[in-house]
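Here is the structure we will look at, set down as structure tokens.
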Protein chains: 2
Amino acid sequence: MLRLRELADHLGVSTATVSRALNDKPGVSAETRRKVVAAAQEMSYRPNAAARALITATTRTVVFAVHRHHFPLSVDPFYPGIMRGLEETLAAEHYGVLLLTLSDEDLRAGPGTLPVLQEGRADALVAAGPDIPPQFILAAAGRSMPVILVDNALRETAIPTVTADDPGGCRDATRHLIDIHGHRSIALLRGTPGWVSSDGRADGYCDAMKAAELEPRVVSVEDTTIATGAVALIEVLEAWPDTTAIVAVNDAMAIGAIRQAAKLSRRVPEDLAVVGFDDISWAALSDPPLTTVRVPIVQIGRRAGRVLLDHFEDVITVSSRTTLATELIVRSSCGCDESPAPVMNSSGPRRHETDHE
Amino acid sequence: MLRLRELADHLGVSTATVSRALNDKPGVSAETRRKVVAAAQEMSYRPNAAARALITATTRTVVFAVHRHHFPLSVDPFYPGIMRGLEETLAAEHYGVLLLTLSDEDLRAGPGTLPVLQEGRADALVAAGPDIPPQFILAAAGRSMPVILVDNALRETAIPTVTADDPGGCRDATRHLIDIHGHRSIALLRGTPGWVSSDGRADGYCDAMKAAELEPRVVSVEDTTIATGAVALIEVLEAWPDTTAIVAVNDAMAIGAIRQAAKLSRRVPEDLAVVGFDDISWAALSDPPLTTVRVPIVQIGRRAGRVLLDHFEDVITVSSRTTLATELIVRSSCGCDESPAPVMNSSGPRRHETDHE
DNA sequence: CTGTTAGCGCCTTCAT
DNA sequence: ATGAAGGCGCTAACAG
């Protein structure tokens with residue numbers, strides 16, 4: 001590998017000059033700077049990361065930490081999507097992203113025991129998901145390493161945050177059922193309280209119901225899966241048999257509810273309208289196609305990357321809590337006609353993947 | 001952060017002694033070694049990664065490279081799962097995993113233009129997926145950086161490889177249709193040739209058919225999605241109307257075929273048996289539940305990690321091509337009775353996730 | 001067995 | 001505007 005020294009010798013200047021030129025530091029004539037930059041480009045010189053890290057005490061690396069169980073093995077690649085967005089924007093500035101999957105044991109032991117975080121290998125930590133405990137996050141933030149949260153938030157902290165507009169999205173979905181389809185008896189299917197995005201979605205539902213002067217009907221179950229969605233629907237219909245519409249806090253529960261409705265011989269959407277949340281790949285392919293709220297997964301990662309980049313470039317930020325807009329995707333489980341047949345390309349990239357911020 | 005120097009001062013020994021003790025190098029008495037290790041543990045000392053990298057010229061970091069389009073946005077988190085397995089086993093040895101998502105442009109320009117690979121930030125490259133072009137891989141291997149392929153292979157190269165037993169899996173699935181269900185007219189739905197795993201699966205199908213002295217019936221389509229699965233089924237039934245069973249090279253195509261069969265009023269599995277490949281999360285939840293071949297996704301990553309670890313520890317390996325066993329998951333789309341009702345926990349970790357190698 | 005010394009590749013004062 | 005020299009934290013030769 002080409003060293004700075006060799007590049008300097010080649011040009012007949014000192015290493016200091018080359019370093020200054022390449023790092024946009026003052027003290028080099030425009031002429032020499034041009035020459036140096038050209039030569040570096042030409043010989044495809046790249047500074048050794050270790051040497052640079054040693055002296056600057058910055059690594060140009062960010063750790064993306066996620067609960068091990070939530071990384072790949074969920075219904076939809078939610079966190080991998082965020083990670084990809086993060087990598088995309090950071091890579092453009094020559095930053096790297098290190099994956100760190102956290103076991104329950106890691107979470108209990110705290111960040112102090114994790115080699116990657118202890119060896120000074122990263123400049124910042126992106127903690128993804130609501131199942132990283134606050135004490136872990138606070139401990140990490142206390143180690144003088146910038147921390148940023150995605151799909152999570154901590155009250156009464158200055159820790160930067162990037163989330164989707166969960167309340168807004170769920171409000172939109174609920175309103176759609178009320179305003180467009182005239183439903184008055186709408187129930188919410190949710191998991192147990194405590195997770196930020198889940199709570200936010202419930203809030204959005206309640207807001208919309210109250211604004212329309214309707215009584216909220218909420219059923220909480222242990223988990224937010226297809227199985228619990230089915231169970232929750234049964235509970236709803238026992239408690240409020242006249243329910244005509246369902247808002248589920250995620251697509252898995254919505255699909256579970258739809259399946260259960262079929263077993264109970266209730267037609268969707270004629271007898272029971274259902275809307276979900278997330279817009280996982282399978283939402284469009286369920287029967288009937290699921291009306292849901294799209295979460296801008298990749299954009300969450302991109303935005304987190306931008307926040308970090310700003311931070312690294314000393315853009316002073318007192319506090320930073322970004323919430324990204326969601327989008328109501330109207331298909332037919334709400335009672336609407338699905339106008340254009342959906343393109344069922346489920347393995348290629350989605351069309352909306354580009355970030356138009 | 002605690003420095004080696006401070007630890008040495010604290011113990012009243014030289015830095016060299018501490019270094020030797022901590023790195024299991026000879027030249028330290030058992031007694032001092034014990035003391036040093038204890039103190040390091042006690043004060044939770046960890047060597048600075050940059051300093052160590054600078055002198056040892058190794059970074060304890062591995063790059064996981066994937067095509068950007070295949071990272072999160074496919075039907076199932078295949079590559080994220082591999083990455084997680086990789087991270088799991090490497091983290092145990094204090095190695096880190098850097099994500100690198102490759103755009104088409106990156107692939108064209110080659111590894112020489114990628115900062116992460118040029119700055120000496122990694123000791124090895126894991127290239128995932130068949131859509132990283134051979135020339136890219138060869139160029140990377142030529143840069144004196146160890147390269148290992150997962151879910152891909154290159155003929156006539158010594159590049160180590162970890163793949164699933166695609167031919168074996170598809171042979172098993174085909175045999176199941178022949179031996180258990182007595183089918184004689186079985187068609188294969190596949191994508192265009194060229195991708196290693198896809199080709200391997202097709203080979204397995206053909207082997208099983210020939211072994212049973214049956215005529216292969218193969219339909220190739222552009223892509224392997226739900227949409228193309230439907231199209232492929234139509235083609236099959238046009239060419240061979242008496243077809244009674246379908247083998248699809250992945251679950252998406254299988255599900256597409258099942259949906260198309262419903263539209264054509266063919267019952268699955270009574271009129272048409274269908275088996276898939278991959279065992280994506282939704283396979284168990286399709287209607288009818290899909291019989292398929294499970295690919296040990298996380299284990300592929302773990303094994304790749306092991307191969308690298310061996311390599312780093314100077315275990316000399318002339319060549320290394322690992323293929324991991326697949327498992328036929330019998331549900332009901334093949335005509336079997338699905339005995340126990342499936343647990344529909346689709347968002348939690350799967351039960352079989354543990355690696356029992 | 002242990003300590004001293006030098007240097008990995010780069011950035012950054014300090015001179016010039 | 002440029003060059004020389006020192007040091008980031010660690011390991012690896014060399015002495016003792």
Letter by letter from the 5' end, nucleotides 8-16 of chain D scores (B base, S sugar-phosphate only, - none; protein heavy atoms under 4.0 Å) BBSBBB---
Note: B:Arg84-B:Glu87 ion pair, threshold 4.0 Å (strictly below): no
Kindly list each side-chain donor-acceptor pair under 3.5 angstrom involving residues 137-148 of chain B, sequence neighbours excluded, with atom names and distances?
{"residue": "B:Arg143", "atom": "NH1", "partner": "B:Leu117", "partner atom": "O", "Å": "3.4"}

Is there side-chain contact between A:Leu102 and A:Arg68, with at least one heavy-atom pair below 4.5 Å? no
Are any non-hydrogen side-chain atoms of A:Pro130 and A:Asp151 less than 4.5 angstrom apart? yes
Bend angle of the helix from C:dC1-D:dG16 to C:dT16-D:dA1 from five-pair axes at both ends, rounded to 10°? 40°
By side chain to side chain donor-acceptor pair (under 3.5 Å), which residues pair with A:Thr163, not counting sequence neighbours? none
Under 4.0 Å between a Lys/Arg side-chain N and an Asp/Glu carboxylate O for B:Arg108 and B:Glu105? no
Any side-chain heavy-atom pair of B:Phe78 and B:Ile297 under 4.5 Å: yes
Can you give me the first and the last nucleotide of DNA chain C (5' to 3') that has an atom within less than 4.0 angstrom of a non-hydrogen atom in chain B? C:dC1 to C:dG9
Nearest-0.5 Å distance, CD of residue B:Glu31 to CZ of residue B:Arg33: 12.0 Å
Check whether the ring centres of A:Phe64 and A:Tyr79 lie less than 6.0 Å apart, and answer yes or no. no
side-chain contact (heavy atoms from CB on, under 4.5 Å) against A:Gln135, all qualifying residues, sequence neighbours excluded: A:Pro133
